[in-house]
Peer 1: 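Dropping the structure in here first, questions after.
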Amino acid sequence: LAKTTQPISMDSYEGQEVNITCSHNNIATNDYITWYQQFPSQGPRFIIQGYKTKVTNEVASLFIPADRKSSTLSLPRVSLSDTAVYYCLVVGSSNTGKLIFGQGTTLQVKP
Amino acid sequence: DVKVTQSSRYLVKRTGEKVFLECVQDMDHENMFWYRQDPGLGLRLIYFSYDVKMKEKGDIPEGYSVSREKKERFSLILESASTNQTSMYLCASGSRQALITDTQYFGPGTRLTVL
């Protein structure tokens, strides 16, 4: 499974757009990039997954360049409730269903 | 909505006790997983199961065992609890036919303290 690297922490203010970048240099052809969000004292929850270019849903956007060696999770107009840990994962090619969680990025949104 | 429930949110046990953590999912998922989460170490996979009566070791299986007698239920067993097993335990489930590759649905977690 490809290893991912992302910043340990980020700060933002309410109403700003937040971009969290993840690098995954060893991503395999069949891998997808997936992001999970974890609030304190809760289990992680899936927020978005993509293979290439751009994916958007009601929560976030995911930008993946052509070489797929990095990706950027974009959270539009964050609020205090977006304060959480965000995990970038590479999934799929191992076909085991296992997830490898790194340290994640702790996003602190300030008023 | 997928629901994964865990038997307790908080649990306090004594060293040497046998501890059972139960997890139930209601989406007929084939795959179920047990993780522990510790500060600075992230989520680490303890055991997982692809089907009833099947189990596979994860990255840190020592001191733990599991049981999957029914598809919807996956139990984590601490045969003799030790203080270094104080942690947040998270259960997850997922489908092999998932439209979103390898998506897992997590329960709320059980915070176990071993005294």
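Below, chains carry the letters A, B, ... as their sequence lines are ordered, and counting in each starts from 1.
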Peer 1: Applying the 4.5 Å side-chain criterion to the ILVMFWY set and letting contacts propagate, would I64(A) and V18(A) be lumped into a single cluster?
Peer 2: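 Yes, I64(A) connects to V18(A) through the hydrophobic network.
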
Peer 1: What part of E30(B) gets within 4.5 angstrom of chain A, counting heavy atoms only: side chain, backbone, both, or neither?
Peer 2: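 Answer is neither: E30(B) stays 4.5 Å or more from chain A.
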
Peer 1: To the nearest 0.5 angstrom, please state how far the CG atom of L99(A) sits from the CG atom of N31(B).
Peer 2: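 Atom-to-atom, L99(A):CG and N31(B):CG are 10.0 Å apart.
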
Peer 1: Do other residues, nucleotides or ligands put more than 12 heavy atoms under 6.0 Å from Y51(A) OH?
Peer 2: yes

Peer 1: From Y32(A) OH over to T101(B) OG1, what is the distance, rounded to the nearest 0.5 angstrom?
Peer 2: 4.5 Å

Peer 1: For Y50(B) versus K98(A), what's the shortest heavy-atom pair and its separation?
Peer 2: OH-CG, 4.5 Å

Peer 1: Which heavy-atom pair separates L90(B) from G43(A) by the least distance, and what is that distance?
Peer 2: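 Closest approach of L90(B) to G43(A), heavy atoms only: CD2-CA, 3.6 Å.
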
Peer 1: Would you mind reporting whether Q103(A) and L43(B) have side-chain heavy atoms less than 4.5 Å apart?
Peer 2: no

Peer 1: Kindly compute the distance separating CZ (F101(A)) from CG (L41(B)), expressed to the nearest 0.5 Å.
Peer 2: 15.0 Å

Peer 1: Given 3.5 Å as the limit, does a donor-acceptor pair link the side chain of D102(B) with the main chain of V91(A), or not?
Peer 2: no

Peer 1: Evaluate the side-chain proximity of Y36(A) to F106(B): yes if any heavy-atom separation is below 4.5 Å, no if none is.
Peer 2: yes

Peer 1: Which atoms of R44(B) come close to chain A, meaning under 4.5 Å heavy atom to heavy atom: side chain ones, backbone ones, both, or neither?
Peer 2: neither

Peer 1: Is I46(B) reachable from I77(B) through a run of I, L, V, M, F, W or Y residues, each pair having side-chain heavy atoms under 4.5 Å apart?
Peer 2: no

Peer 1: Do I100(A) and Y89(B) sit in one hydrophobic cluster, given that two such residues count as connected whenever their side-chain heavy atoms are within less than 4.5 Å of each other, even indirectly?
Peer 2: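 No, I100(A) and Y89(B) fall in different hydrophobic clusters.
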
Peer 1: Taking L78(B) as the starting point, is it possible to reach L45(B) by hopping between hydrophobic residues whose side chains are less than 4.5 Å apart?
Peer 2: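 Unlinked, L45(B) and L78(B) end up in two clusters.
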
Peer 1: So P44(A) and Q104(B), do their side chains get closer than 4.5 Å, heavy atoms only?
Peer 2: no

Peer 1: Can you tell which of E56(B), Q37(B), Q6(B), M88(B) has the highest number of heavy-atom pairs within less than 4.5 Å of chain A?
Peer 2: Q37(B)

Peer 1: Transitively linked via ILVMFWY side-chain contacts under 4.5 Å: V24(B) with M32(B)?
Peer 2: no

